[in-house]
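The block underneath contains the structure these notes are about, expressed in structure tokens.
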Amino acid sequence: MPPSRVEYGYAAMSRLIVVSNRVSAPKDPAAGSAGGLAMALSAALRKYDGLWFGWSGETVEKFTGELKIEDRAGVTVALVDLEAQDVDEYYNGYANKTLWPLLHHRTDLAAYERSYGEGYERTNARFADVLAPLIQPDDIIWIHDYHMLPMARDLRRRGVKNRIGFFLHTPWPVRQLLVTLPHHRRLVESMFDYDLIGFHTREWLDLFRDYVASEPSVNGKLLPNDALEAFGRTVQTGVFPIGIDVDGFLEARNSVFGRRTYDRMAASAAFRSMMVGVDRLDYSKGLEERLLGYEQFLTDNPDKRGEVFLLQVTPISRDDVDTYQDIRVRLDALAGRINGEFADMDWQPIRYLNRTYRRDQLAGIYRAARVGLVTPLRDGMNLVAKEYVAAQNPDDPGVLVLSRFAGAAEQMGEALLVNPFSREELSDAIKRALEMPLAERKRKWESLMTVVRETDVSIWRDDFVSTLRAIERPSNGDANAAARAA
Ligand code: ADQ
């Protein structure tokens, strides 16, 4: 029997332990500046009672494993400092220079250094050393993202028998690229110590299953109901599409600050159509391709110059990694070149900003934009697509232009889906979005808003937790310990 997705009455009895590289529980949830994921996980911990464990973001000379326990608006967080070498090799190295590009199909940018792999294993083992003694027999454990893929193995080695689930926030790569990673088999083997592995989309899950079933060195078996067998163990897998906190976002949009930002943006657009892009400065987000597509649009449609502008809000991200420094320089140059080429004395085609905004401000900005450009080259889900839709005025909604390579495209087929690698396609989609009649905009928006509501982040959270809770034990803890010993 597959585990059923019902919530059990005894939910309140056991604690939920959330583990992620960085702990982003907001100190004041009312401030509304944290991302949707942080808010959802904080709410999950308030609902289930528990603990959020991760790196403090601080470095120390010598790792001690000393825990800093804090209460953040009702959520207990447990933070540990790392050594500078850990941050270099585990975080900047293996997580962000090796795995992130590989998971986003960018093997051309992936750095395969033995020291990064060693630092990754060492730091995950350090986290497990500190975390294992905090775990009580009834706890369920939910590990997040590519920084911590082998964490279940490290916890099992320390005798942890609890249910452990893992959720990957990024895509999973095709097998032909994954095998370029030295020790790919070992990494995937470590994931078979989880009880449940979740992905955003069927596409990422199918790629994971394809690796397990088709990679000769693994030779795994596909079992019914998305279970997998390999390395003498079984693991349950599933699709859990993440979403935003819809009600929280609508509240931010309707707040005084949200409305004031909308008014300010509408006035500053001064009868021009505004398009918006909101993305971390990351090569996976397709920012250069987006600007080139927009340049193509300005070239193809001279009559539209002066009538439209792009507000591109792009906070600097991972600036310690050289590929991120490179793309920053290239984007600066590209935005400057396009502005230099097309701007007029009272019009600039691109407003390019490297800063963050509060959620209520972002909501106001999205609402003022006639077109939302969400064109990543590859993305696990993409929450900006859902935020843009949620922020729209139902009586006069804007149009979402969405990359077919974002996980969100699996659910949001009513958006204008584009191939972001083609500047002509981008140019055509921008034109179509700007000219779309009101009736069509409304019809599309209603259908997209239904999806946004149906994938609210609380549904994602409850679905994952209840599925994990319903998995019969022992599935991996004991059985897999026996397999390892054999
Ligand atoms: P990200 O790659 O960070 O997330 P995304 O899903 O778009 O991408 O989330 C970004 C969040 O940051 C959004 O909530 C957005 O509002 C916020 N943000 C971006 N720019 C901002 C700015 N200038 N000011 C304020 N806030 C800003 C990873 C994966 C995604 C996946 C999420 C969640 O890469 O594919 O959707 O995790 O699983």
Side-chain angles (χ1 to χ4, degrees), residues 18 20-22 24 26 31-41 95-96 99-106 142-147 166-173 198-201 203-204 239-246 248-249 252-253 257-258 261 276-287 290 311-318 324 351-367 369 372-391 400 402-403 405-412 452 455-457 460-461 464:
V18 170
S20 60
N21 172 59
R22 291 298 287 275
S24 41
S33 58
L37 180 63
M39 289 297 207
L41 291 176
N96 286 335
L99 288 179
W100 177 271
L102 172 63
L103 292 166
H104 289 84
H105 287 199
R106 294 300 299 269
W142 189 7
I143 318 262
H144 289 264
D145 232 0
Y146 60 100
H147 311 87
F166 176 81
F167 188 82
L168 185 68
H169 290 264
T170 69
W172 187 264
F199 299 87
H200 284 306
T201 65
E203 185 177 358
W204 313 142
V239 177
F240 302 88
I242 202 170
I244 61 168
D245 168 13
V246 178
F249 199 77
R253 187 198 71 183
F257 217 35
T261 308
V276 74
V278 175
D279 317 73
R280 283 186 303 101
L281 207 168
D282 194 300
Y283 47 80
S284 68
K285 301 293 182 187
L287 293 162
R290 185 179 309 165
L311 177 71
Q312 180 60 51
V313 186
T314 301
I316 307 296
S317 171
R318 303 178 192 169
Y324 286 76
R351 298 184 193 173
Y352 176 59
L353 326 176
N354 294 130
R355 55 161 293 177
T356 56
Y357 285 102
R358 296 161 47 108
R359 300 206 69 64
D360 43 14
Q361 288 178 301
L362 268 189
I365 293 172
Y366 288 136
R367 193 178 175 88
L373 289 179
V374 179
T375 57
L377 304 183
R378 195 133 332 240
D379 216 332
M381 172 58 71
N382 196 296
L383 293 175
V384 169
K386 296 189 175 182
E387 290 168 359
Y388 176 75
V389 169
L400 175 65
L402 178 63
S403 162
F405 304 119
E410 202 166 274
Q411 302 145 25
M412 303 179 86
V452 170
T455 59
D456 187 278
V457 74
W460 168 77
R461 175 197 72 197
F464 190 93

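Read the numbers this way: they start at 1 and go in the same order the structure lists the ligands and their atoms.
Against a heavy-atom cut-off of under 4.0 Å, Leu362 is close to the following atoms of ligand 1: 16 (O), 25 (C), 26 (N), 27 (C). Below 4.0 Å from some heavy atom of Gly380 lie the following atoms of ligand 1, by number and element: 35 (O). Atoms of ligand 1 found under 4.0 Å from any heavy atom of His200 (numbered from 1 in listed order, with element): 31 (C), 38 (O). Interface of Arg280 with ligand 1, defined as ligand atoms under 4.0 Å from a residue heavy atom, comprises 1 (P), 2 (O), 3 (O). With ligand atoms numbered from 1 in the order given, ligand 1 contributes 7 (O), 15 (C) to contacts under 4.0 Å with heavy atoms of Val384.
Between Asp279 and ligand 1, no N or O atom pair is found at a separation short of 3.5 Å. Ligand 1 has no nitrogen or oxygen under 3.5 angstrom from a nitrogen or oxygen of Trp100. Inclusion of Ile242 in the set of residues having an N or O under 3.5 Å from an N or O of ligand 1 is not warranted. Close N/O approach between Val313 and ligand 1 is not found [any backbone or side-chain N/O within under 3.5 Å]. At a 3.5 angstrom cut-off on N or O pairs, Glu387 counts as close to ligand 1. Ligand 1 has no nitrogen or oxygen under 3.5 angstrom from a nitrogen or oxygen of His104.
Put simply, the side chain of Asn96 reaches to within 4.5 Å of the side chain of Tyr146, judged on heavy atoms. For the pair Arg22/His147, no side-chain contact is recorded, criterion being any heavy-atom separation below 4.5 Å from C-beta on. In this structure, Phe405 and Pro171 have side chains that are not in contact, with every pair of non-hydrogen atoms separated by 4.5 Å or more.
Selection from Leu353, Leu168, Val278, Asp282 by nearest heavy atom to atom 21 (C) of ligand 1 gives Val278. Of the candidates His169, Arg358, Met381, Lys285, it is Lys285 that places a heavy atom closest to atom 1 (P) of ligand 1.
A cation-pi arrangement is not found for Arg253 relative to Phe249, the charged atom failing to lie both closer than 6.0 Å to the ring centre and inside a 45° cone about the ring normal.
Between His200 and Phe167, the ring centre distance stays below 6.0 Å.
The main-chain N or O of Ile316 is never found under 3.5 Å from a side-chain atom of Asn354 such that the two would form a donor-acceptor pair. No side-chain donor-acceptor contact under 3.5 Å links Lys386 to the backbone of Ala408.
Residues satisfying the side chain to side chain contact (heavy atoms under 4.5 Å, CB included) test with Ala252, not counting sequence neighbours, are Asp360. Judged as a side chain to side chain contact (heavy atoms under 4.5 Å, CB included), and not counting sequence neighbours, the contacts of Ser20 are Trp52, His144.
By the criterion of a heavy-atom distance under 4.0 Å, neither the backbone nor the side chain of Thr170 is placed next to ligand 1.
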